[in-house]
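Remarks on the structure that follows.
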Protein chains: 2
Amino acid sequence: MRLTKAEWQLMNALWQGHPATAREIQSRLPRETNWAYTTVKTMLSRLVTKGALSERKDGLAAMYSPLVSRRKARLSALRSMAEEVFDGSVGMLVHFLVEEENLSPSERKKLIDALKDEDKGGAK
Amino acid sequence: MRLTKAEWQLMNALWQGHPATAREIQSRLPRETNWAYTTVKTMLSRLVTKGALSERKDGLAAMYSPLVSRRKARLSALRSMAEEVFDGSVGMLVHFLVEEENLSPSERKKLIDALKDEDKGGAK
DNA sequence: GAATGCCTTCTACAAGTGTAATAGACTGCT
DNA sequence: AGCAGTCTATTACACTTGTAGAAGGCATTC
């Protein structure tokens with residue numbers, strides 16, 4: 001499931017709360033994103049076709065819900081990026097980030113803690 | 001400079017060593033990528049147009065070189081991803097990765113070391 | 001019951017991508 | 001001189017993406 005930038009914007013809006021109407025979604029988009037209502041609808045339909053969203057009729061209007069969790073979508077995006085950009089190595093990706101991005105001391109601390117927490121989180 | 005998957009493959013091949021001819025580049029592509037020579041050429045031309053590569057005539061044949069460093073391309077890809085997928089927060093991206101991906105103990109160790117190395121690397 | 005407003009589906013269209021065939025040039029052999 | 005091999009540039013074509021207008025259906029309200 002490869003999402004484009006525009007699609008991420010829609011999905012992000014959806015994950016914020018669902019089910020939601022096209023109107024609601026439109027209103028949740030980043031301010032810069034000034035899409036006509038029908039543009040939003042077109043995009044949403046395409047996401048439905050792609051299997052990323054479900055569409056349920058509620059009276060006249062359609063209610064949309066994500067069919068993939070944000071977590072899974074994120075994982076899959078990162079995996080693709082590792083694949084294409086970091087010779088398939090997630091480890092290298094992380095390492096690059098840690099080296100290149102200026103993380104704040106508190107962020108560093110949190111990360112170190114997370115890294116030390118070897119086999120805790122059941123959230124696998 | 002937004003690169004597509006196919007374009008990353010070309011660029012990766014280029015960064016492996018440059019300048020390089022289209023033939024060389026073609027031979028360095030991942031095995032699964034079975035592009036006709038003219039396909040490679042088309043892509044390369046498009047990358048030249050985009051400003052990602054330079055093309056220099058050497059006799060009949062063209063030699064290509066990257067105009068952006070791999071590092072910069074990677075940074076920019078990660079920034080976009082953070083933007084679109086992690087509410088603009090690189091920190092969140094890293095954290096997500098560290099939590100979700102099973103890094104090997106040795107990778108963890110390397111990362112912790114890198115994180116502790118607060119103000120070392122001049123490679124900023 | 002005619003106008004207003006909101007929703008839906010259909011259609012459109014330009015730009016970007018993936019993928020390549022074709023045809024024209026030049027090089028080197030025989 | 002002519003053929004084989006290699007390059008290049010041009011052209012093509014289907015699919016995807018971004019962006020939206022148009023037209024038709026139902027509800028609300030004068």
Side-chain angles (χ1 to χ4, degrees), chain A residues 1-14 18-65 73 76-77 80-81 83-85, chain B residues 1-14 18-65 73 76-77 80-81 83-85:
Chain A
M1 176 94 45
R2 162 99 55 185
L3 300 175
T4 67
K5 173 173 178 171
E7 288 170 343
W8 275 100
Q9 295 187 186
L10 269 319
M11 293 302 286
N12 285 337
L14 242 298
H18 52 265
T21 66
R23 239 4 128 174
E24 280 163 356
I25 294 166
Q26 182 185 30
S27 77
R28 289 181 199 159
L29 293 173
R31 275 161 245 38
E32 326 80 80
T33 308
N34 258 347
W35 291 337
Y37 178 71
T38 52
T39 301
V40 176
K41 284 288 290 179
T42 303
M43 296 294 234
L44 289 171
S45 299
R46 288 183 183 164
L47 282 168
V48 170
T49 306
K50 270 199 179 185
L53 295 183
S54 73
E55 185 177 358
R56 176 166 55 75
K57 263 295 158 47
D58 179 29
L60 345 183
M63 303 292 287
Y64 297 90
S65 302
S76 126
S80 304
M81 157 114 22
E83 193 58 48
E84 295 158 24
V85 179
Chain B
M1 176 93 47
R2 161 97 58 184
L3 300 175
T4 68
K5 173 174 178 171
E7 288 170 341
W8 275 101
Q9 296 186 183
L10 269 320
M11 294 303 286
N12 286 336
L14 242 297
H18 52 265
T21 65
R23 237 7 126 174
E24 282 164 354
I25 294 165
Q26 182 185 29
S27 76
R28 291 181 197 158
L29 293 174
R31 276 163 243 39
E32 326 79 80
T33 307
N34 258 346
W35 290 337
Y37 178 71
T38 51
T39 302
V40 176
K41 283 288 289 181
T42 303
M43 297 293 237
L44 289 171
S45 300
R46 288 182 183 165
L47 282 168
V48 169
T49 307
K50 269 198 179 186
L53 295 184
S54 73
E55 185 178 356
R56 174 168 56 74
K57 262 299 159 45
D58 178 29
L60 348 181
M63 303 291 289
Y64 297 90
S65 301
S76 125
S80 303
M81 158 112 28
E83 194 57 49
E84 295 158 23
V85 178

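A, B, ... follow the sequence lines: proteins, then strands. Residue 1 opens every chain. No experiment lies behind these values; they were computed from the predicted model shown. Any value given below was found using the heavy atoms of this structure, including those in side chains, with hydrogens, waters and symmetry copies removed.
Taking the side chain of A:Thr39 as heavy atoms from C-beta on, and the options C:dT17, C:dT8, D:dT19, the nearest nucleotide is D:dT19. Of the candidates D:dG18, D:dA9, C:dT17, C:dT17 carries the atom nearest the B:Thr4 side chain, counting heavy atoms from C-beta on. Nearest to the side-chain atoms of A:Met43 among the listed nucleotides D:dG18, C:dC7, D:dA9 stands D:dG18. The side chain of B:Ala62 lies closest to D:dT8 when the candidates are D:dT6, C:dT19, D:dT8. In the set C:dT19, D:dC7, C:dC7, C:dC7 carries the atom at the smallest distance from any side-chain atom of A:Arg23.
Following rounding to the nearest Å, B:Lys41 (NZ) and C:dA21 (P) show an atom-to-atom distance of 16 Å. Rounded to whole Å, atom C1' of D:dT6 lies 14 Å from atom CD of B:Glu24. As rounded to whole Å, 12 Å separates atom P of D:dT19 from atom CD of A:Glu7. Distance, B:Gln26 CD to C:dA20 P: 10 Å, rounded to whole Å. Rounded to a whole Å, the NZ atom of A:Lys5 is 18 Å from the C1' atom of D:dT16. The separation between B:Leu60 atom CG and D:dA4 atom P is 19 Å, rounded to whole Å. Spacing between atom CG of A:Leu10 and atom C1' of D:dT17 amounts to 13 Å, rounded to whole angstrom units. One can place CG of A:Leu29 at 11 Å from P of D:dT19, the figure rounded to the nearest angstrom.
As judged by a 4.0 angstrom heavy-atom cut-off over every strand, A:Thr21 is placed among residues making no nucleic acid contact. A:Ser45 comes within 4.0 angstrom of nothing in the nucleic acid, heavy atoms only.
Residue-to-nucleotide proximity on DNA chain D shows that, of A:Thr42 and B:Lys57, the 5′-proximal contact is made by B:Lys57.
Atom-to-atom distance recorded for B:Glu24:CD and B:His18:NE2 is 12.5 Å, nearest 0.5 angstrom. Here B:Ile25 contributes atom CD1 and B:Leu14 contributes atom CG; the two are 4.5 Å apart, rounded to the nearest 0.5 Å.
Taking the side chain as every heavy atom from C-beta outward, B:Leu29 and B:Asn12 never approach each other to under 4.5 Å. Within the 4.5 Å cutoff, the side chain of A:Met11 has heavy atoms near those of the A:Leu53 side chain.
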Q: Let me see the working for A:Glu32 and A:Lys5 under salt bridge (Lys or Arg N to Asp or Glu O under 4.0 Å), right down to the final yes or no.
A: CA-CA 13 Å; A:Glu32 326 80 80; A:Lys5 173 173 178 171; over 6 Å; no
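For A:Thr38 and D:dG21, a side-chain-to-base donor-acceptor distance below 3.5 Å is present, hydrogens and geometry of angles not being considered. In terms of polar N and O atoms assigned as donor or acceptor, the side chain of B:Arg46 comes within less than 3.5 Å of the base of C:dT19 in a complementary pairing.
Dashed line: the shortest gap from a side-chain N or O of A:Tyr37 to OP1 or OP2 of D:dG21 is not under 4.0 Å.
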